[in-house]
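Heads up: the structure comes next, in C-alpha cells.
Chain naming here is simple, since letters A, B, ... match the order of the sequence lines and numbering starts at 1 in each. The figures here come from the full heavy-atom set of this structure, side chains too, leaving out hydrogens, waters and symmetry mates.
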Number of protein chains: 2
Amino acid sequence: MDFVNKRTRSVAWSVVDRRRRIPEATVARLPVYLRTLLDVQGEGMTTISSERLAELAGVNAAKVRKDLSYLGSYGTRGVGYDVDHLLVQMSRELGLTRDWPVAIVGVGNLGAALANYGGFGDRGFPVAALVDADPSKVGTMFGDHEIRDLDDLPALVNELGIAIGIIATPAAGAQEVADRLVAAGVTSILNFAPAVVTVPDHAQLRKVDLALELQVLSFYGQRESIGASLREELGVAAESKESVS
Amino acid sequence: MDFVNKRTRSVAWSVVDRRRRIPEATVARLPVYLRTLLDVQGEGMTTISSERLAELAGVNAAKVRKDLSYLGSYGTRGVGYDVDHLLVQMSRELGLTRDWPVAIVGVGNLGAALANYGGFGDRGFPVAALVDADPSKVGTMFGDHEIRDLDDLPALVNELGIAIGIIATPAAGAQEVADRLVAAGVTSILNFAPAVVTVPDHAQLRKVDLALELQVLSFYGQRESIGASLREELGVAAESKESVS
DNA sequence: TCCTGTGAATGTCTTCACAGCC
DNA sequence: GGCTGTGAAGACATTCACAGGA
C-alpha cells in the first residue's frame, strides 16, 4: 500500500510469526483469492489451477502458488487446487469462520452510507452499532440502530462484542475516536477520515483515503497525457495492462 | 496497499520515466505530505524539518527526505523545507493545479454517498456527472445532477471533460463499465466494486475494496488474540506503533 | 551546529525456472 | 505431461549513516 500500513513487530509477534509467518502483501491478496474462489465454486468447478486462479484474480501464477503455499500445501501436482478445501483453509486463516461485529463511528454522509451499504453484513461484518459525538444525533434512530454516544463505546464492546471500529468522522476527530476505540478494547480499526492516526502496537489500523486515491490517479493521469503524446510521436502501440480490484 | 496496483511499463513510459522517475510507493505518500503541509501552513509555519514532517505524516524521516528528493532539491540544509514552495512543487507534480472532473457510475447506496460526499469537490475533483445503467434511474435528478445513461459517456467526456471515472456498481457490471469508460476516453478509473477489473496499459486503475480491508483486519485481529495471550504469558509489554491514514 | 541529500546496507516482494510428485 | 512447491535471482522499498552545505 500502500498505502500499506506500517507495522513494527513486538517480541510477542515474532513468537507468533515463527509458527507460520504470512507476508503482509500475501494477506492483502487472500481476500481477492477468496472472492474469486467463491465465484468459481458458484460455477460448479471443483478444482482450479494456479494459472487459472491467477488469471481470474488478476495476478501472476507464481505469485498465486507462493501465496497459497503459505497456507500449507493444499494443491495436488498435475491437478491443481481443490476449490472447497482451499476455501475452508483460507476462511480459517482469515478468521472468517465467525462474525466480527462492527461499530461505525461518525454518522455523517459517509458513515450513513456505510451503515446502509449491505456489503459488510453479507461478508461476516455485521454493523452492530452506530456511534456519534454530536449530541443532537445521539438517541435518534438510523435504520435499525439507535445512534449511541462515544462514551457508550466500552458498554457496546461488552454487550455486542464489537471487534472492529470504523472511523467515518471528520479529520479533526479521528485520533480521539481511535484512542477511545482502543481504550474500549477495539483493536482493529478502519479509518476513512483524511487524517494521520496512530494506534498502540497491539492494535491494527488500516485506512481508506478516497482523496488520496484520486490524487494518485491525477499524478498518473497527467503523466499519461505526456505518455500519450510521446507514444503518438514514437508510434508505439499500447501494451495491455492488468490490475486487480 | 497492497493491494498496490500492478503496472507493466510500456516503451513510451520508460521514455517518460527517464526524465525523473518517482517510485510508486513515494507517489502514494505525496498526498499525505500534501495534506500535512496544508495543515502546517494553516498554522502559520513557513518552514518544516523532515523530522517534524515525518512525525506529522506518520513515517520515517529518512523516507520523507528521500521522497522529497525525487521532486528536486527543495530543502535548505540546516533549516528545513519551505512550506509554501514545497506545496507548490508537490501540487504541480501531482497534477493538482487544475480540476479533474469526475463521473460516478452506479448511483446505488455507495454511489449516492460518494456523490453527496463533499470531500471530492473540495480537493479538486468535482463530481461532474452521475451515470447509471438502470433505465428507471436514468433521467431522474440526484442532487444537482440528472442521472445519465451509460451510452452518454462519450458525450459527457466531451462536454464536461470527465477525466476520472468512479465505478460504484455491483461487481457484475464493473468490467463492462470500465471498458465503456476507457472506450469513452476516460483513462483514470477508481473501482469500488468488489471485482477484479482489467484495463488496457494506457489506462490507470486503482481500487478501494471495503470488504477486503475488513478481512485483512480480521486476519490480524484473530492473530492479535493469540498474540495478546502470549504477551500475557510472557509478560511482554506492548511497544508503540504508528500507522498513517 | 543543524538538517538535507544520498550512497550503501538491509529487508521485503515478485518473478523465474525447475525439481518433484501425481 | 501437467501442475505444484520452492530455491535463487532480481526488482523494489526502507532505513542507516554520514558527507557536505547553510
Side-chain angles (χ1 to χ4, degrees), chain A residues 1-9 13-14 17 20-30 32-33 45-55 57-83 85-86 89 241-244, chain B residues 1-9 13-14 17 20-30 32-33 45-55 57-83 85-86 89 241-244:
Chain A
M1 226 79 353
D2 10 304
F3 29 71
V4 172
N5 289 352
K6 185 192 167 225
R7 181 166 325 97
T8 57
R9 239 169 289 282
W13 256 101
S14 54
D17 287 1
R20 194 174 359 118
R21 195 183 155 268
I22 302 186
E24 194 149 333
T26 295
V27 172
R29 280 189 296 269
L30 292 182
V32 178
Y33 299 144
M45 307 196 179
T46 64
T47 67
I48 190 168
S49 67
S50 62
E51 191 130 9
R52 180 89 181 105
L53 180 49
E55 192 188 330
V59 301
N60 171 302
K63 205 186 269 180
V64 168
R65 291 200 295 278
K66 194 141 258 187
D67 284 345
L68 296 186
S69 77
Y70 292 117
L71 305 182
S73 294
Y74 296 136
T76 309
R77 289 161 201 240
V79 178
Y81 298 89
D82 182 275
V83 173
H85 188 230
L86 203 48
Q89 298 305 331
K241 175 179 64 184
E242 247 180 20
S243 290
V244 142
Chain B
M1 51 229 243
D2 19 214
F3 35 69
V4 172
N5 289 352
K6 189 192 163 222
R7 182 167 324 99
T8 58
R9 239 170 288 282
W13 256 100
S14 53
D17 286 2
R20 193 173 1 119
R21 196 183 153 268
I22 302 186
E24 194 149 334
T26 295
V27 172
R29 279 188 297 268
L30 292 183
V32 178
Y33 299 144
M45 307 198 178
T46 64
T47 67
I48 190 168
S49 69
S50 62
E51 193 130 5
R52 180 87 182 106
L53 180 50
E55 192 189 329
V59 301
N60 171 302
K63 205 187 267 180
V64 167
R65 289 199 296 278
K66 193 142 259 183
D67 284 345
L68 297 187
S69 78
Y70 292 118
L71 304 182
S73 294
Y74 295 137
T76 308
R77 289 163 201 236
V79 179
Y81 299 88
D82 181 274
V83 173
H85 188 229
L86 204 49
Q89 298 304 332
K241 176 178 64 184
E242 247 182 20
S243 290
V244 142

Rounded to whole angstroms, how far apart are [atom1] on [X] and [atom2] on [N]?
X: A:His85; N: D:dT4; atom1: NE2; atom2: P; answer: 16 Å
X: A:Lys63; N: C:dT15; atom1: NZ; atom2: P; answer: 4 Å
X: A:Arg65; N: D:dG2; atom1: CZ; atom2: P; answer: 15 Å
X: A:Gln89; N: D:dG5; atom1: CD; atom2: P; answer: 12 Å
X: B:Leu53; N: C:dC3; atom1: CG; atom2: C1'; answer: 13 Å
X: B:Asp82; N: C:dT4; atom1: CG; atom2: P; answer: 13 Å

>> I need the A:Arg52 CZ to A:Met45 CE distance, nearest 0.5 Å.
In response: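 Those atoms lie 5.5 Å apart.
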>> What's the separation between atom CZ in A:Arg65 and atom CG in A:Asn60, rounded to the nearest 0.5 Å?
In response: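 Rounded to the nearest 0.5 Å, the CZ-CG separation comes out at 8.0 Å.
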> What do you reckon, is CD of A:Gln89 surrounded by more than 12 foreign heavy atoms closer than 6.0 Å?
Replying inline: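 Counting neighbours around CD of A:Gln89, more than 12 heavy atoms of other residues, nucleotides or ligands fall under 6.0 Å, so yes.
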Among [options], which nucleotide sits nearest the side chain of [X]?
X: A:Arg21; options: D:dT4, C:dT4, C:dC13; value: C:dC13
X: B:Glu24; options: C:dT14, D:dC18, D:dA13; value: D:dA13
X: B:Ala62; options: C:dT14, C:dT15, D:dA17; value: D:dA17
X: B:Tyr81; options: C:dG5, C:dC13, D:dG5; value: C:dG5
X: A:Arg77; options: C:dC13, D:dG20, C:dG20; value: C:dG20

>> Using a heavy-atom cut-off of 4.0 Å across all strands, would you classify B:Arg29 as base, sugar-phosphate, or nothing?
In response: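 The residue B:Arg29 makes sugar-phosphate contact but no base contact.
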> Can you find a side chain N or O atom of B:Asn60 that sits less than 4.0 Å from OP1 or OP2 on D:dC16?
Replying inline: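 Affirmative; the distance criterion is met.
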> OP1 or OP2 of D:dT4 less than 4.0 angstrom from a side-chain nitrogen or oxygen of A:Ser50, does that happen here?
Replying inline: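 So the side-chain polar atoms of A:Ser50 do come within 4.0 Å of the phosphate oxygens OP1 or OP2 of D:dT4, strictly under.
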> Nearest heavy-atom pair of B:Gly75 and B:Tyr81: which atoms, and what distance?
Replying inline: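 Closest heavy-atom pair between B:Gly75 and B:Tyr81: CA-CD2, 3.4 Å.
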>> If you define the side chain from C-beta out and look only at heavy atoms, does anything of A:Leu68 sit under 4.5 Å from A:Leu53?
In response: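 Side chain of A:Leu68 against side chain of A:Leu53, heavy atoms only: contact under 4.5 Å found.
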> Are any of the side-chain heavy atoms of B:Val59 and B:Val64 separated by less than 4.5 Å?
Replying inline: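 Yes, their side chains come closer than 4.5 Å.
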> Going by heavy atoms closer than 4.0 Å, what residues in residues 66-75 of chain B are next to DNA chain C?
Replying inline: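 Here the set is B:Lys66, B:Ser69, B:Ser73, B:Tyr74, B:Gly75.
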>> Which is more 5' along DNA chain C, the nucleotide nearest A:Gly78 or the one nearest B:Val79? Just name the residue.
In response: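 The residue whose closest nucleotide sits nearer the 5' end is B:Val79.
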> Step by step, would you call A:Leu30 with A:Leu71 a side chain to side chain contact (heavy atoms under 4.5 Å, CB included)?
Replying inline: CA-CA 10 Å; A:Leu30 292 182; A:Leu71 305 182; 4.2 Å; yes
